[in-house]
Every structure is written in structure tokens, then in C-alpha cells.
Engineer: 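Sharing a structure with you now.
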Number of protein chains: 2
Amino acid sequence: MTEPHAPRRGRKRSEQSRLAILTATFELTRDEGYRALTVEGIAARAGVGKQTVYRWWPTKADVLLEALATKAELHVSVADRGSFRADLEQFLRDSFALLGVPGVAQALRSLMAEAQVDSQFASRFREGFLDRRRAALAELLQRARRRGDAPPVADELVADVVFGVIWYRVLATNRPWGEADLVALRDLLTSTFTNPDPSSRIGSTHV
Amino acid sequence: MTEPHAPRRGRKRSEQSRLAILTATFELTRDEGYRALTVEGIAARAGVGKQTVYRWWPTKADVLLEALATKAELHVSVADRGSFRADLEQFLRDSFALLGVPGVAQALRSLMAEAQVDSQFASRFREGFLDRRRAALAELLQRARRRGDAPPVADELVADVVFGVIWYRVLATNRPWGEADLVALRDLLTSTFTNPDPSSRIGSTHV
DNA sequence: GCAAATACGAGACGCAGCGGTTCGTAAAAA
DNA sequence: TTTTTACGAACCGCTGCGTCTCGTATTTGC
């Protein structure tokens with residue numbers, strides 16, 4: 001994600017400095033907030049020159065993105081649990097657990113905020129995080145389609161609902177998660193339902 | 001929202017300057033992006049002293065929040081359309097239309113981003129925007145409960161899904177809205193469910 | 001072993017924007 | 001008419017950005 005270099009001669013990149021930068025960035029964001037995160041602060045805390053940060057990362061948000069990947073296990077289990085219902089439940093459980101790790105929610109909020117203001121970083125954030133999560137859920141859905149127990153809803157909508165609810169609560173409300181939330185969301189997306197008014201399809205703006 | 005003053009004597013607040021500031025702020029954000037929005041730039045464009053901005057608003061985000069309320073009709077229709085299904089459809093239609101107004105989506109993304117980084121502003125953003133929208137939807141849901149056609153899902157979850165999907169698409173994907181999105185979301189939330197596995201209520205962590 | 005190449009920590013630079021202050025002036029109420 | 005408040009304009013010190021330049025350390029190619 002950060003290695004466009006393939007040096008042939010000369011001193012090698014210091015892995016120690018790299019890790020010190022990532023750790024300092026993650027901890028500073030967690031403890032002081034993203035607003036207080038500065039490149040100079042990162043360098044000072046990591047015992048590193050500013051240029052060493054600028055040499056390897058385009059913005060401090062990119063440092064935080066990599067720090068997040070390093071500090072927290074972002075892997076979501078895609079193990080087959082027999083049914084889409086169980087797979088989805090585990091996916092949600094993993095996601096909530098990740099958000100419960102100190103600093104992770106803070107980092108994610110900061111990254112999403114930065115993505116709103118820096119469109120270049122937004123692309124990298126999508127590729128480096130958002131799209132990967134979406135791909136993981138898509139894998140569960142494809143397996144469900146094969147199995148025949150996929151929800152009667154477009155995959156895209158399922159993903160929008162899952163990630164929409166999670167992100168909205170993180171960004172806008174900050175309500176903590178409970179087991180009830182998990183069950184409710186799982187049940188909403190794994191129930192067979194019948195449309196009470198099949199005639200009201202597209203275009204009926206009014207009653 | 002911005003009037004903590006109740007002046008008794010002396011020159012009155014200039015309504016012309018106030019509007020010039022709001023217009024400049026909205027247009028600068030729409031055309032140049034929130035990153036390029038500075039208090040000095042607002043003042044220059046509005047033909048106003050910097051202090052006139054600082055006197056009435058705590059941060060530039062608060063100016064933008066008020067500008068949004070001034071420039072776009074934020075009112076969501078809560079007119080009774082006979083069924084929750086129709087009410088929800090209209091709510092979504094209004095929301096999509098609002099997001100289609102040039103500059104509005106940009107402003108909302110900027111405000112949400114700022115709220116992630118400034119917790120004081122986050123409170124004001126919630127009170128001044130997020131909570132109002134949620135209250136409007138809650139009104140539709142209460143009416144549906146009275147009528148008996150509310151969805152078989154907790155009101156809070158309905159709100160999380162509606163706003164979650166909308167915000168997630170605005171913040172994370174930026175996919176445009178189509179009629180199909182509206183129908184899909186409406187149908188997801190206004191269908192009768194049958195849970196395929198009623199025994200798996202709370203607590204069944206595994207299959 | 002030596003030279004070229006590259007990364008390192010440290011610190012300097014000019015720049016932009018912040019948030020606050022001080023002008024002299026304009027308007028509105030007592 | 002005096003007092004009070006808001007106004008546009010300009011200035012201040014400060015912080016952080018992003019770049020650049022040191023002298024030094026480390027690694028590969030010759």
C-alpha cells in the first residue's frame with residue numbers, strides 16, 4: 001500500500017521507524033483526537049524526522065489508514081457457518097468487536113471525515129478499506145445465492161443496509177451496540193417477507 | 001440558532017451582511033470544496049470584515065450549517081398520505097430531491113466530516129439537523145403505529161436503516177439515486193416478515 | 001575497500017489560515 | 001446629543017504545512 005519503491009542501492013527503509021510512525025499515529029489519534037494529529041507531532045513522538053513521514057506517505061490520513069491495518073485485525077471471517085443467517089450474524093459480530101477495540105472507531109471516523117474533504121484520499125480509503133469490507137460481505141452473499149438461502153433482496157441493498165447502519169451509528173449517533181441490535185439487523189435481512197401491496201410499483205408518486 | 005444576542009441599544013445586526021456571509025459560504029463550499037473554505041475567504045467574498053463572521057458564529061462549520069438551512073428547503077413533508085408505505089416513499093423522495101440540489105450533498109458531507117473532528121460542533125449538528133430529520137421520520141412511524149400499519153420492526157431500526165443507507169451512499173459510495181433504490185428500500189421496510197428460524201432469538205451465538 | 005546511491009534525524013524556511021485585537025466610522029436607542 | 005453596539009478594514013502572534021538543506025548512516029555495485 002505504501003511501497004512504490006524498489007531500491008537497488010543505498011540504505012534500506014527503516015522498519016523500526018515505520019512501525020514507530022504507525023504506532024505514534026494510532027495512539028495520538030486515539031488519545032488526542034484527529035484534530036490534534038499533526039505530522040510534526042507524529043514525527044516527534046516517533047523520534048523521527050518529518051521528512052521520513054513525508055517520504056513514505058502522501059498525507060497523515062494515509063498514515064492512519066495503514067496504522068489501522070497494522071494495529072487492528074481487520075480480517076472478517078468468511079468461514080462458512082452453514083447458513084447465510086449464521087454467516088451474517090458472525091459478520092456483524094466481528095464488525096462490532098472491531099469497533100469495540102479502543103481507537104478503532106475513532107480512527108475510522110477520522111478517515112471517513114478526511115475522505116469527505118480530500119477526494120484523492122477518498123479513493124485510497126475506498127480501495128484500502130471500504131471496498132474490502134464490501135467484498136467480504138459480497139462473498140457471503142454469493143455463497144448464499146449458491147446455497148439458495150440468500151435474502152430476497154438485491155445484494156447491493158443488503159450491503160448498503162449493513163454498512164449504512166453500522167457507519168451511521170458510528171458517525172451520527174455513537175450509540176453503543178447491543179446484542180439486540182445484532183439480532184434485529186440480522187432478522188431484518190434474513191426473513192422472507194411478502195409485499196402487502198404488489199400493485200404499487202414504480203411511479204405511483206401519490207396514494 | 002445564532003442569536004444569543006438581544007441588543008437593547010446601538011447599531012443593529014446587518015441582515016445584508018448576514019445573508020452575504022451565508023451565500024458566500026454556501027457557494028464557496030459548493031464550488032471550491034470545504035477544504036478551500038476559510039473564514040478569511042468567506043469575509044472577502046461577502047465584502048465583510050472577518051470579525052463580523054466571528055462575532056456571530058463559533059466556527060465556519062456553523063456558518064455552513066445555517067447557510068444550508070437558508071439556501072435549501074430542508075422541510076420534509078409529513079403530510080398524511082394514507083399509509084406508512086406511501087408516507088415513507090414520499091419521505092425518501094423528498095430526501096433524494098434535497099440531495100439533488102447542487103451544493104447540498106457537498107455541504108452535508110462537509111458538515112458530517114466536521115462533526116467527526118469537532119465534538120462541540122457535532123452536538124450542534126445533531127440538534128440542528130440530524131435529530132430534526134429523525135424526528136420527522138419518527139412522526140411518520142408513530143402515525144403508522146396508530147393506524148396499525150407500522151412495519152414489524154423497532155422504530156429505531158427503521159430510522160437507522162433509512163438514514164444509514166442514505167448517509168452511507170452519500171459519504172462512502174456517491175452512487176446516484178434511482179427510482180429502483182427508492183422502491184427497494186421502501187419495500188424492505190414495509191413488508192410482512194416471517195422469520196425462518198424463530199427459535200434463534202437472542203443469545204444463540206452459534207448455529 | 002571504495003564510491004555511488006539512498007535513507008536517516010534534525011532543523012531551518014516561507015506560506016497560509018487561525019483567532020483575537022485595534023482602529024475609525026456608522027447607525028440606533030436613551 | 002450622548003451612549004452603545006455593529007460595521008469594514010487592517011494588523012498581530014501563533015501553529016502547522018510542505019519543502020529544503022544539512023551532516024550522518026547504511027547498503028549495493030564496482
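Note that the coordinates shown come from a computational prediction; the quantities given were computed from them, not determined experimentally.
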Engineer: Under 4.0 Å between a side-chain nitrogen and a carboxylate oxygen: does that hold for Glu66(B) and Arg18(B)?
Structural biologist: yes

Engineer: Roughly how many Å is it from CG in Leu28(B) to C1' in dG17(C), rounded to a whole number?
Structural biologist: 15 Å

Engineer: Roughly, in whole Å, what's the span from CZ in Arg13(A) to C1' in dA5(C)?
Structural biologist: 18 Å

Engineer: Think Arg124(A) forms a cation-pi with Phe129(A), using NZ or CZ under 6.0 Å from the six-ring centre and within 45 degrees of its axis?
Structural biologist: no

Engineer: Once hydrogens and angles are ignored, does a donor-acceptor distance under 3.5 Å link the base of dC20(D) to the side chain of Gln51(A)?
Structural biologist: yes

Engineer: Do any side-chain nitrogens or oxygens of Ser17(B) fall under 4.0 Å of OP1 or OP2 in dG8(D)?
Structural biologist: yes

Engineer: Distance to the ring centre below 6.0 angstrom and angle to the axis at most 45 degrees; does that hold for Arg13(A) and Trp56(A)?
Structural biologist: yes

Engineer: Give a yes/no answer on whether the side chain of Arg55(A) brings an N or O atom under 4.0 Å of OP1 or OP2 in dC8(C).
Structural biologist: yes

Engineer: Tell me: CZ of Arg35(A) to C1' of dG17(C), nearest whole Å?
Structural biologist: 13 Å

Engineer: Shortest non-hydrogen contact from Ala113(B) to Gln116(A)?
Structural biologist: CB-CB, 3.8 Å

Engineer: Does anything in residues 19-47 of chain A pair up under ring pair (Phe, Tyr, Trp, His ring centres under 6.0 Å), and if so which pairs, sequence neighbours excluded?
Structural biologist: none

Engineer: What is the distance, to the nearest angstrom, from the CD1 atom on Ile42(B) to the P atom on dG8(D)?
Structural biologist: 14 Å

Engineer: May I ask you to say whether Glu89(B) pairs ionically with Arg85(B), meaning some side-chain N is under 4.0 Å from a carboxylate O?
Structural biologist: no

Engineer: With a cut-off of less than 4.0 Å, is there a side-chain N or O of Trp56(B) near OP1 or OP2 of dT5(D)?
Structural biologist: no

Engineer: Would you mind reading off the distance between Glu15(A) atom CD and dC8(C) atom P, rounded to a whole angstrom?
Structural biologist: 11 Å

Engineer: Report the distance from atom CD of Gln16(A) to atom C1' of dT26(D), rounded to the nearest whole Å.
Structural biologist: 14 Å

Engineer: I'd like a list of close polar pairs between nucleotides 28-30 of chain C and the protein, N/O only, cut-off under 3.5 Å.
Structural biologist:
unit_1  : atom_1 : unit_2   : atom_2 : d
dA29(C) : OP1    : Lys12(B) : NZ     : 3.3
dA29(C) : O3'    : Arg8(B)  : O      : 3.2
dA30(C) : O4'    : Arg9(B)  : NH1    : 3.0

Engineer: Please enumerate all residues that pass side-chain contact (heavy atoms from CB on, under 4.5 Å) together with Gln142(A), with sequence neighbours excluded.
Structural biologist: Ala138(A), Arg146(A)

Engineer: Under the salt bridge (Lys or Arg N to Asp or Glu O under 4.0 Å) test, which residues partner Asp94(A), sequence neighbours left out?
Structural biologist: none

Engineer: If I take atom CZ in residue Arg45(A) and atom C1' in nucleotide dA10(C), what distance separates them, rounded to the nearest angstrom?
Structural biologist: 20 Å

Engineer: Check the interface with nucleotides 15-17 of chain D: list each N/O to N/O pair with the protein under 3.5 Å, or write none.
Structural biologist:
unit_1  : atom_1 : unit_2   : atom_2 : d
dC17(D) : OP1    : Val39(A) : N      : 3.3
dC17(D) : OP2    : Val39(A) : N      : 3.2

Engineer: Donor-acceptor pairs under 3.5 angstrom involving side-chain atoms of residues 161-174 of chain A: please list them, not counting sequence neighbours.
Structural biologist:
unit_1    : atom_1 : unit_2    : atom_2 : d
Tyr168(A) : OH     : Arg134(B) : NH1    : 3.3
Arg169(A) : NH1    : Asp181(A) : OD1    : 3.0
Arg169(A) : NH1    : Asp160(B) : OD2    : 3.4
Arg169(A) : NH2    : Pro176(A) : O      : 2.9
Arg169(A) : NH2    : Asp181(A) : OD2    : 3.2
Thr173(A) : OG1    : Arg169(A) : O      : 3.2
Thr173(A) : OG1    : Arg175(A) : N      : 3.2

